[in-house]
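Residue indices begin at 1 and follow the sequence shown.
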Amino acid sequence: MIDHLGINCTDFAKAKDFYDSVLGVLGFTRQMDFGVAIGYGRDGKPDFWIADASAGEATGPNREVHIAFQAADTAAVHAFHDAALASGAESLHAPRLWPEYHPGYCGAFVRDPDGNNLEAVFHGAAPE
């Protein structure tokens, strides 16, 4: 059900050291590093993300949590986005390919009623 999860950290330097250590002993390492966000996991798949809470536009104590749900295919990603909008959610990103994450990554992002960033993702999309 959950594809990956992201949290925001107010002391990003301390958080990087902490998660490198505690996740390292469990066999998880940095899989992706965008400078202001790091994805931990194994075998090339980041499942848990930390982000610098002071980076970007959304800052403060109530900064959103990011939860990505697994979708069965690209049609499900589109259906998720459509259902969210019909339920009054704000669209953050309409369904599209995100090659900067990896080839075949199709995702759509919405903000839920409490301000959380939700995504539906399918990892096997055909290139456009």
Side-chain angles (χ1 to χ4, degrees):
M1 178 178 180
I2 303 295
D3 185 79
H4 59 274
L5 172 72
I7 63 170
N8 296 288
C9 304
T10 56
D11 186 336
F12 195 52
K14 187 173 184 177
K16 289 187 285 188
D17 290 342
F18 176 80
Y19 284 108
D20 283 350
S21 177
V22 300
L23 296 179
V25 299
L26 297 175
F28 301 107
T29 60
R30 293 183 185 193
Q31 301 296 301
M32 295 181 115
D33 188 337
F34 289 101
V36 297
I38 297 169
Y40 293 89
R42 61 169 63 116
D43 302 324
K45 167 108 175 33
D47 297 307
F48 175 71
W49 287 83
I50 62 169
D52 184 346
S54 66
E57 297 175 17
T59 60
N62 295 318
R63 184 158 182 190
E64 66 205 25
V65 169
H66 174 69
I67 303 169
F69 298 102
Q70 296 172 355
D73 51 30
T74 58
V77 172
H78 284 264
F80 164 86
H81 190 257
D82 292 344
L85 297 185
S87 296
E90 172 191 357
S91 176
L92 298 173
H93 299 288
R96 72 170 177 89
L97 293 178
W98 296 83
E100 59 269 36
Y101 298 151
H102 68 72
Y105 192 113
C106 177
F109 299 77
V110 299
R111 192 173 314 286
D112 79 0
D114 289 307
N116 297 300
N117 177 330
L118 303 183
E119 174 188 4
V121 59
F122 175 62
H123 293 283
E128 292 180 337

In this structure, would [X] and [Y] fall into the same cluster of hydrophobic residues linked by side-chain contacts under 4.5 Å?
{"X": "Phe122", "Y": "Leu118", "value": "no"}
{"X": "Tyr101", "Y": "Leu97", "value": "no"}
{"X": "Leu23", "Y": "Trp49", "value": "no"}
{"X": "Leu92", "Y": "Phe34", "value": "yes"}
{"X": "Met32", "Y": "Tyr19", "value": "no"}

Quick one: closest heavy-atom pair of [X] and [Y], and the distance?
{"X": "Ile7", "Y": "Phe48", "result": "CD1-CZ, 3.7 Å"}
{"X": "Asn117", "Y": "His66", "result": "OD1-ND1, 3.0 Å"}
{"X": "Cys106", "Y": "Val77", "result": "O-CG2, 3.8 Å"}
{"X": "Ser54", "Y": "Asp52", "result": "OG-OD1, 2.7 Å"}
{"X": "Gly6", "Y": "Val65", "result": "O-CG1, 3.6 Å"}
{"X": "Gly107", "Y": "Glu119", "result": "CA-OE2, 4.2 Å"}

So, using side chain to side chain donor-acceptor pair (under 3.5 Å) as the criterion, who are the partners of His93 when residues are at least two apart?
none
Mind checking side chain to side chain donor-acceptor pair (under 3.5 Å) for His78 and listing every partner two or more places apart, or none if nothing turns up?
none
Close side-chain approach of Leu5 to Ile67, heavy-atom, < 4.5 Å:
yes
Would you say the ring centroid of Tyr105 lies under 6.0 angstrom from that of His123?
yes
Just how far is it from atom CZ of Phe109 to atom NE2 of His81, taken to the nearest 0.5 Å?
10.5 Å
Spacing of Lys16 atom NZ and Cys9 atom SG [to the nearest 0.5 Å]
10.5 Å
For Gln31, all residues meeting side chain to side chain contact (heavy atoms under 4.5 Å, CB included), sequence neighbours excluded
Thr29, Pro46
Just to verify, what does Asp47 make a side chain to side chain contact (heavy atoms under 4.5 Å, CB included) with, not counting sequence neighbours?
Lys45
Parallel, tilted or perpendicular, as decided by the 30° and 60° cut-offs, for the rings of Phe69 and Phe80
tilted
With salt bridge (Lys or Arg N to Asp or Glu O under 4.0 Å) as the rule and sequence neighbours excluded, what pairs involving residues 20-30 come up?
Asp20-Arg30, Arg30-Asp33
Quick note, salt bridge (Lys or Arg N to Asp or Glu O under 4.0 Å) partners involving residues 98-113, not counting sequence neighbours, are Glu64-Arg111, Glu90-Arg111, Arg96-Glu100
